[in-house]
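Each remark here refers to the structure printed beneath this line.
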Number of protein chains: 2
Amino acid sequence: MSERRPPTIKTVAARAGVGRTTVSRVLNGSELVSSEARTRVLEAIKELNYVPNSVARGLVTNRTEAVALVIPESESRLGSEPFFAALIRGVSGVLTETRTQLQLVLVRDESERDQLTSSIAARRVDGVLLVSVRAQERLAAMLEEMGLPTVLAGRRGEDERLSYVTSDNLGGATEAVAHLLRRGRGRVATITGSLDMDVGHTRLAGWRRAHEQAGLRADESLVEAGDFSEQGGRRAMRSLLERAPGLDAVFAASDLMAVGALAELRRRGRRVPDDVAVVGFEDSVLARHTNPPLSTVRQPVEEVGRTMARILLSEIAEADPERQQLTLPTELVVRDSS
Amino acid sequence: MSERRPPTIKTVAARAGVGRTTVSRVLNGSELVSSEARTRVLEAIKELNYVPNSVARGLVTNRTEAVALVIPESESRLGSEPFFAALIRGVSGVLTETRTQLQLVLVRDESERDQLTSSIAARRVDGVLLVSVRAQERLAAMLEEMGLPTVLAGRRGEDERLSYVTSDNLGGATEAVAHLLRRGRGRVATITGSLDMDVGHTRLAGWRRAHEQAGLRADESLVEAGDFSEQGGRRAMRSLLERAPGLDAVFAASDLMAVGALAELRRRGRRVPDDVAVVGFEDSVLARHTNPPLSTVRQPVEEVGRTMARILLSEIAEADPERQQLTLPTELVVRDSS
DNA sequence: CCGCGCGTTGGGAACGTTCCCACCCGGCGA
DNA sequence: TCGCCGGGTGGGAACGTTCCCAACGCGCGG
C-alpha cells in the first residue's frame, strides 16, 4: 500500500466525464450546470471521497476562510480565563456556522506581536478579532492602517474608529454603585482596573456617575488603582483600609479584584456584608463560590463574542463596510456580599 | 490611492536584479547563493516590505504550518475552563517558537465533528491535538486511519496506539486516597468521573489501589458515578449520604464535583473536614476559593500542553515517527478540606 | 433555411511559491 | 589547449483551484 495522493478536481472531472470547470461550478453552487452533469459530479465526489483543497482555493480567491483571535497573554494569566473561554465559545459558535476557521493567537510580548504582524501580512487570515486593547495598542493601529477587517472587544478610547463590541461598563458600574448607595452605604470606595484601558476608565466613571445621580459628591480619596488581578485587589483594599478606615462598601472593577478584597477584609476581621459590602464586575464562575457569594455585574461575554464574529464576517464579505460599534447591556446580580 | 497588491517574490527578484529562485533560496536559508546576491535580495525585501505568501507556499510544500487543537465543547461548558486555558497556554507557547499557527476547534455536536473531518481532509492543518477523548472517539480513529500526525491529551484506553500525554491519574488518585486513609478516615467514598473516559476509570482505579496498598478491602458501595460536573458531584454526594451515612471522607475525581459535594455536605449540616474530609482532582482556581479551601491533586496542565505540542511537531517533521506516550507526575496539595 | 441567442461546457491562464534541471563560467589538472 | 568540475544562477513546470472567454449545440424567429 503506497502513499496515495488525495483526489483532485481533475480526478473528479475525469470520473464524471466532464471538465474541471463544471466540477468547480457544482462545488460553488453555480446555476449554470445541467442537472444531469450535476448529479454525475456529485456521484463522483462521493465515490472518490473528494474534498477541495482549501489552500489551492485560497491562492486564487485570496481568501483563507480563517480569522485570528488575538489575546494578550498577560491578561489571560490574570486568571480571568472564564472570560476568554466564554468569549471564544461565542466567537467559535458563529464561525463554525460559516465554516470559518478560528486561529487563536496568544501574544506574550512584543516580539511575538511582531511575529503576528508578519503572519497577518502573509495573508494567513481574512480578519482579526482583538481582545482587551490598551489605549495605545500598536497592533490595532497597524491593522487599521492595513485596512484588514478588524473588530475589537472593548475600545481603545471614546474616539475609537475601528469596529468594536463592548459591554455596558458605564451603565453596569453605575448600577452597581447605585445599588450600594441605595442600601444605605455612605462611603463607597472603588478599586479600579488598569487605567490605561478603557474598561478601567469607564467603570471608574460609573462609580462617579452613580454618586452624581444620587446627588452626592464622590470622594476621590476612596479611589484606589488596581490592575484587575487578585493580588492587586488585595493590595488596593489594604491601602484603602489604611487611608479610609470608615468605608462601608467597595466596588471592585473585576471579580478577581473583589476576591482579593474579600480576602484582605477577612484578614482584617471586617465582616462582609455587615461591615463592608463588596460588589465585583464580570460574574465569573468564581463569584458564585466566594465566601460570601459575590454580588457582581454580569457581562454578556458569550454574546459579545458572537456579535464580534458576526461583525467581522460582514466586514470581510462587504467591499466597503461601515464600522459598527455596539454596547451590550449588563445586569446586576445581587448575592450575599452586598 | 488605488488598491495596491502586495509585493511578490517576482517584484523582489526584479528589484534585486536576480531570479525568482535566488530570492527563494535566500528566504529558505540555502547556502548556494553568493553573499553579494544575498545582501541585494535582503535589501530589496526590506525596501518592499515583502512577506512571502504562506498560502502559495503551502500549495507547493503541502504544509500549512498550522495545527488544530480540538476541544469538545460539552467538556469546556462543564466549567473546567481553567484546564483548557492552561492547556492552550502550554500548546501556544511551544507553537509560537516554531511559528506554527494554532487553529482552535470547539466541537459542539456530531455535525460539527463531521465538518471538522472535512476541514482536516481539506489539508488545512499539518496535525491535530485532541483533548479529553472518550473511549470510542470516532475522530481519533479517523485520524489514525488517515495517518495525520495526532497527539491526544489523555488516552482512549490502556491499549492506546496514538501518541498521548496524560498526567498521572492513577498515581495522583492513589496518593489522594492514601492521604485520607493515613489521616485515619475509615470509610472513604469516591465520586467518579464519566466512566467512558479513561480519566474516570483510572482515578477510580487509584481509589481501589490505595485501599489495596493499605491492606484494606475497598467497599464498592462507596463508589458513586459522577460526570465531572458540579451538579453531578452534588447528586452523587446526595446518594452516597443516603446509602452510606457513615462515610467520613470523599475523593471526587474533579474539583468541580468536589465543589458540588461540598455544597451538598453543607446543606446536610456535615462539617468539612471534621465530619467528612473532601479531596478533589485538578487544582483549578476554584480549589483555592471554596469554603473551606479544597485539598486536591495538582496536574501539570500547562506542561501537558507543552509536551503535546512538542511531540506533535516532531511527528510532523519526521517521516516515520514512532509513537510517544508520556505520563507526567501529579502532586497532592493539602488545604483545609482534609 | 439561415442566423442569432442562450444555456451549457471546457480549455487556458493565473494565483505565488518551490523544486528540478540545465546552463554559465572560471579554475585546474592532464 | 581542452575538458571537467563545481559553485552559482535562473527558467520552466508543478501544486490545485477559480475565472475568463471561446465554442458548442439547439431551438426559434425571420
Side-chain angles (χ1 to χ4, degrees), chain A residues 3-42 44-45 48-66 99 118-124 126, chain B residues 3-42 44-45 48-66 99 118-124 126:
Chain A
E3 188 74 46
R4 283 203 72 66
R5 313 185 107 280
T8 76
I9 202 173
K10 260 185 195 157
T11 333
V12 176
R15 176 84 160 227
V18 299
R20 286 187 340 276
T21 316
T22 303
V23 178
S24 174
R25 273 193 271 260
V26 171
L27 252 24
N28 297 289
S30 159
E31 294 300 311
L32 286 172
V33 51
S34 66
S35 64
E36 186 204 4
R38 165 169 288 119
T39 55
R40 277 219 309 275
V41 168
L42 289 175
I45 288 179
L48 292 169
N49 228 316
Y50 166 75
V51 180
N53 181 322
S54 65
V55 175
R57 176 179 291 181
L59 181 56
V60 39
T61 58
N62 209 19
R63 282 283 184 81
T64 58
E65 238 60 307
R99 315 190 128 254
S118 58
S119 141
I120 287 167
R123 326 246 143 11
R124 301 194 70 119
D126 298 335
Chain B
E3 187 75 46
R4 284 201 72 64
R5 315 186 105 277
T8 75
I9 202 172
K10 258 185 196 155
T11 332
V12 176
R15 177 83 161 228
V18 298
R20 288 186 339 279
T21 316
T22 302
V23 177
S24 174
R25 273 192 272 259
V26 170
L27 251 25
N28 296 289
S30 158
E31 295 299 311
L32 285 171
V33 49
S34 66
S35 63
E36 186 206 3
R38 164 168 290 119
T39 54
R40 277 218 310 274
V41 168
L42 289 176
I45 288 180
L48 293 169
N49 228 318
Y50 167 75
V51 180
N53 181 322
S54 65
V55 174
R57 176 179 290 180
L59 181 56
V60 40
T61 59
N62 209 19
R63 282 282 184 82
T64 57
E65 230 80 289
R99 313 191 128 252
S118 56
S119 141
I120 287 168
R123 325 249 138 16
R124 301 193 71 118
D126 298 336

CG (A/Leu42) and CG (A/Leu27) are apart, to the nearest 0.5 Å, by 9.0 Å
Residue pair B/Arg25/B/Val60 against DNA chain C: nearer the 5' end by closest nucleotide is B/Val60
Given side chains that start at C-beta, do those of B/Pro7 and B/Arg15 come closer than 4.5 Å, heavy atoms only?
-> no
Residues at least two apart in sequence or cross-chain that pass side chain to side chain contact (heavy atoms under 4.5 Å, CB included) with A/Thr8, listed by chain then number, are A/Lys10, A/Thr11
Does A/Asn62 reach a base, just sugar-phosphate, or nothing at all? Heavy atoms under 4.0 Å. nothing
* To do: Determine the contact category for B/Thr8: base if any of its heavy atoms lies under 4.0 Å from a base atom, sugar-phosphate if only primed atoms, P, OP1 or OP2 are that close, otherwise nothing.
  => sugar-phosphate
Q | Close side-chain approach of B/Leu59 to B/Val55, heavy-atom, < 4.5 Å | A | no
Just wondering, do A/Ile45 and A/Val41 contact through their side chains at under 4.5 Å, heavy atoms? yes
- request: Select base, sugar-phosphate, or nothing to describe what A/Val18 touches, counting heavy atoms under 4.0 Å on all strands.
  value: sugar-phosphate
**Asked** Do any N or O atoms from the side chain of B/Ser54 and from the backbone of A/Arg124 form a donor-acceptor pair under 3.5 angstrom?
**Response** no
Within residues 29-39 of chain A, the residues having a heavy atom closer than 4.0 Å to DNA chain D are none
Students should find that the end-to-end axis angle of the helix from C/dC1-D/dG30 to C/dA30-D/dT1, with five pairs defining each axis and rounding to 10 degrees, is 70°
Between A/Ala16 and A/Ala44, the two heavy atoms sitting closest are CB-CB, 4.0 Å
With sequence neighbours left out, the residues meeting side-chain hydrogen bond (donor to acceptor under 3.5 Å, both in side chains) with A/Asn28 are A/Ser24
Those residues at least two apart in sequence (or on a different chain) that pass side-chain hydrogen bond (donor to acceptor under 3.5 Å, both in side chains) with B/Ser34 are none
Outer limits of DNA chain C sitting under 4.0 Å from a non-hydrogen atom of chain A, read 5' to 3', are C/dT8 to C/dG16
B/Pro52 and A/Ala122 have their tightest heavy-atom pair at O-CB, 3.5 Å
Report task. Name the nucleic acid region contacted by B/Thr22, choosing base, sugar-phosphate or nothing; use a 4.0 angstrom heavy-atom cut-off, strictly under. Result -> sugar-phosphate
Tightest non-hydrogen contact, residues B/Asn62 and B/Arg123, listed as OD1-CD, 3.9 Å
